[in-house]
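This report refers to the structure that appears directly beneath it.
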Amino acid sequence: MSRFPYLRQDFAASIVVFLVAVPLCVGVAVASGVPAELGMVTGIVGGLVTGFLPGSSLQVSGPAAGLTVLVFEAVSEFGVAALGVIVLMAGLLQLAMGFLKVGRWFRAISVAVVEGMLCGIGLVIIAGQLYAASGLKAPETGIGKIVGLPGAFADALGSTEALTSLAIGAGTVAVIVLWKKMPKKVQAVPGALAAVMLATLASLAFSLPVATVEVEGLLGVIQPPGSEAFGELAGPAIWGTIIAFALIASAESLFSAAAVDRLHDGPRTQYNKEMIAQGAGNTVCGLLGALPMTAVIVRSSANVQAGAKTKASRVLHGVWILLFAAALPSALALIPLPALAGILVHAGWKLIPFRQIATLWRDLKGEALILIVTAVSIVAVNMFEGVLIGLALAVIKTAWEASHLKLEVIDKGAGPIQAYLSGNATFLRLPKILDSLEALPQDRPVELDLSGLHHLDHACRMALENWAERHSETGTEPVKVTSAS
């Protein structure tokens, strides 16, 4: 026991994380449009591969609701066979970023963009899974999913099977929400697992007409990418998806690591090593043709709260998933699909940062706007382009704020007009500067004081010189310019 002083705590925590992970692994896989077992494979790799590696000692990795939308889009466009190649290349890209020490730079990404990304993903997940909970086929686009909801509910009201399916989904959400009000001893069983078990028992006991998970067996679903899948890499379209997988999975993992660090007093995350660990895990997942992985805050916080002390807990949770998937695959076939949809509706709701939106709108409306635009862009366009739009908006906002400029004009009625420029004069504020200067009377001499400028870029310098020449052409005294220091 001296070699493993925390074995008891880690063992107990691993059981809790395993029970939290199983329904989420299966639910994310089904929502992503791939066999349920592929979610289990990713959970196993998250424990046995990423779990062993240094980086963040208590963070747990596996298939995440946050990548569901992206995986579904990729599978729809390129097929399940190409998923392994996409995840493999994304993993190699993560490894490269880790070795190049890019990991810590992800902490510089605007929080508003990340929150907006999670909000957009949450909205698309909720909308899509409401169709799944009703046993209906969801439209392809995010906008289509949301716009089509009233019609879908109208269709569900006219079908007994759809209403039954919807009732199971709603019941699952209700159990997860109310489970937190149960006694502490009862809460030892995770709410999502309890909800799935109750939904399964109800559908079996009453022989309810609902769809259940299709099972192929663990070995049956593992399909390493073939030459045809690697041939997809010749086209440019797939590379956008690969880059999106790598960047979004990395951002989600490293932001999760920062959140987990706040939950415990143990060793802090080494961000570049964590990036390498995530890359190694995704590389293995890609070789097995499985789902991509990220660190998952739900499993990670469950791990910390259950008393885990070392990485042994997350490694053991991978062992338990492997044993379950190998020994009891038929148990998955009993799980009703609307129950999994209910779990993901709840997960999607948790991704929407209601409190942060309200705080930002009260204190920093510019940041709130970036969050909202990012979320709407993800729903309206797609995941990758939505995040790019958010990042571009954040860069523009930062550049605009960095070019803060003040023009003070003093006109005493006689003598020269004095114009003082202070702040940062960049091309972004050039139109405003010129409008103000050109509005000065043409028949009066002007003294332009630039000594208060911290920065004067080349475009502004040239524009100010040209304005001074034009102002002097009217026969007025030449503009006197006091240079910036």
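This structure is a prediction, so every number in the text was calculated from the model and none was measured.
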task = Evaluate the side-chain proximity of V113 to I370: yes if any heavy-atom separation is below 4.5 Å, no if none is.
result = yes
ask   = So do L149 and Y131 actually touch side chain to side chain, heavy atoms under 4.5 Å?
value = yes
message = Can you give me the closest heavy-atom contact between M97 and L247, atom names plus distance?
response = SD-CD2, 4.2 Å
key: Qualifying salt bridge (charged side-chain N to carboxylate O under 4.0 Å, His left out) pairs with a residue from residues 342-365, counting only residues at least two apart or across chains   = none
key: Residues which pass side-chain hydrogen bond (donor to acceptor under 3.5 Å, both in side chains) with S56, listed by chain and number, not counting sequence neighbours   = T269
query = Looking only at atom types and distance, does a side-chain atom of W239 sit under 3.5 Å from a main-chain N or O of L233, one as donor and one as acceptor?
reply = yes
query = Listed by chain and number, what are the side-chain contact (heavy atoms from CB on, under 4.5 Å) partners of V177, not counting sequence neighbours?
reply = V173, H346
request  = Look up atom CG in D10 and atom CD1 in I15, then write down how far apart they are to the nearest 0.5 Å.
outcome  = 12.0 Å
request  = For T212 and I335, indicate whether the former's side chain and the latter's backbone hold a donor-acceptor pair under 3.5 Å.
outcome  = no
request  = Mark yes or no for whether Q9, through its side chain, and K309, through its backbone, hold a donor-acceptor pair below 3.5 Å.
outcome  = no
request  = Taking S134 for its side chain and L130 for its backbone only, find out whether a donor-acceptor pair lies under 3.5 Å.
outcome  = yes
note = CD1 of I352 to CD1 of I357, rounded to nearest 0.5 Å, is 7.5 Å
key: Verdict with reasoning, V304 to V260, per side chain to side chain contact (heavy atoms under 4.5 Å, CB included)   = CA-CA 8 Å; V304 174; V260 173; 4.1 Å; yes
ask   = When you look at F354 and W349, which way does the side chain to side chain contact (heavy atoms under 4.5 Å, CB included) test go after all the steps?
value = CA-CA 9 Å; F354 292 103; W349 183 262; 3.7 Å; yes
task = Output, in order, the C-alpha distance, side-chain angles, deciding distance and verdict of side chain to side chain contact (heavy atoms under 4.5 Å, CB included) for L58 and K311.
result = CA-CA 6 Å; L58 299 183; K311 66 176 70 173; over 6 Å; no
query = How close do A65 and L344 get, heavy atom to heavy atom, and via which atoms?
reply = CB-CD2, 4.2 Å
inquiry  = Can you confirm whether Q187 is buried at CD, in the sense that more than 12 heavy atoms of other residues, nucleotides or ligands lie under 6.0 Å from that atom?
reply    = yes
query = Going by the side chain to side chain donor-acceptor pair (under 3.5 Å) test, which pairs reach into residues 387-397, not counting sequence neighbours?
reply = E367-K397, K397-E401
task = Using modelled atom types only, decide if a donor and an acceptor are shared between the side chain of S207 and the backbone of S203 within a distance under 3.5 Å.
result = no
request  = Indicate yes or no: at least one non-hydrogen side-chain atom of L287 is less than 4.5 angstrom from one of P224.
outcome  = no
ask   = What residues form a side-chain contact (heavy atoms from CB on, under 4.5 Å) with K273, not counting sequence neighbours?
value = P54, Q270
inquiry  = I'd like to check the ring pair (Phe, Tyr, Trp, His ring centres under 6.0 Å) partners of F11; sequence neighbours left out, ordered by chain and number.
reply    = W320
query = Considering residues at least two apart in sequence or located in another chain, which fulfil the ring pair (Phe, Tyr, Trp, His ring centres under 6.0 Å) criterion with F206?
reply = none
ask   = Under the side chain to side chain donor-acceptor pair (under 3.5 Å) rule, what pairs show up with a residue in residues 68-96, not counting sequence neighbours?
value = Q94-S250, Q94-N282
Backbone N/O of V17 and side chain of R299: donor-acceptor pair under 3.5 Å = no
note = Taken to the nearest 0.5 Å, the spacing of L88 CG from L83 CG works out to 11.0 Å
Side-chain donor-acceptor pairs under 3.5 Å in residues 22-31, sequence neighbours left out?
none

key: Side-chain donor or acceptor of T374 paired with backbone N/O of V387 under 3.5 Å   = no
note = Heavy atoms of L193 and V189 approach each other most closely as CD2-CG1, 4.2 Å
note = Taken in chain and number order and not counting sequence neighbours, the residues that satisfy side-chain hydrogen bond (donor to acceptor under 3.5 Å, both in side chains) with Q129 are none
ask   = Do any N or O atoms from the side chain of T294 and from the backbone of S253 form a donor-acceptor pair under 3.5 angstrom?
value = no
key: Audit row: V210, L337, side chain to side chain contact (heavy atoms under 4.5 Å, CB included) steps and yes/no   = CA-CA 8 Å; V210 292; L337 289 180; over 6 Å; no
query = Could you give the distance from OG1 (T241) to CE (M89), rounded to the nearest 0.5 Å?
reply = 13.0 Å
message = Could you tell me if the side chain of V379 sits less than 4.5 Å from the side chain of I146, heavy atoms only?
response = yes
ask   = Does a donor on one side chain and an acceptor on the other come within less than 3.5 Å for Q278 and S61?
value = yes
task = Under the side-chain contact (heavy atoms from CB on, under 4.5 Å) rule, collect the residues that match up with A331, sequence neighbours excluded.
result = F324, L328
task = Check whether any side-chain heavy atom of V395 lies under 4.5 Å from a side-chain heavy atom of L391, and answer yes or no.
result = no
request  = Drop me the distance from T283's OG1 to L92's CG, to the nearest 0.5 angstrom.
outcome  = 4.5 Å
key: Enclosure of W179 CH2 (heavy-atom neighbours >12, cutoff 6.0 Å)   = yes
ask   = Does the Q59 side chain pair with the main chain of A257, one donor and one acceptor, at a distance under 3.5 Å?
value = yes
task = Heavy atoms only: give me the nearest I168-A199 pair and the separation to one decimal.
result = CG2-CB, 3.9 Å
inquiry  = Please find the pair of heavy atoms, one from F245 and one from P292, that lie closest to each other, and give the distance.
reply    = CE2-CG, 3.4 Å
inquiry  = Once rounded to the nearest 0.5 Å, what's the spacing between atom OG of S14 and atom CG of L7?
reply    = 9.0 Å
request  = Measure across V87 and C285 and return the closest heavy-atom pair with its distance rounded to 0.1 Å.
outcome  = CG1-CB, 4.0 Å
ask   = Should the heavy atoms of other residues, nucleotides or ligands under 6.0 Å from CZ of F153 be counted, would the total exceed 12?
value = yes
ask   = Just by distance, do the side chain of K145 and the backbone of A127 share a donor-acceptor pair under 3.5 Å?
value = no
task = Would you check if P338 and T172 make a side-chain contact, meaning some heavy-atom pair closer than 4.5 Å?
result = no
request  = Report the residues that fulfil side-chain hydrogen bond (donor to acceptor under 3.5 Å, both in side chains) with E37, sequence neighbours left out, ordered by chain and then residue number.
outcome  = none
inquiry  = Counting C-beta onward and ignoring hydrogens, is there a side-chain heavy-atom pair between I125 and L351 closer than 4.5 Å?
reply    = yes
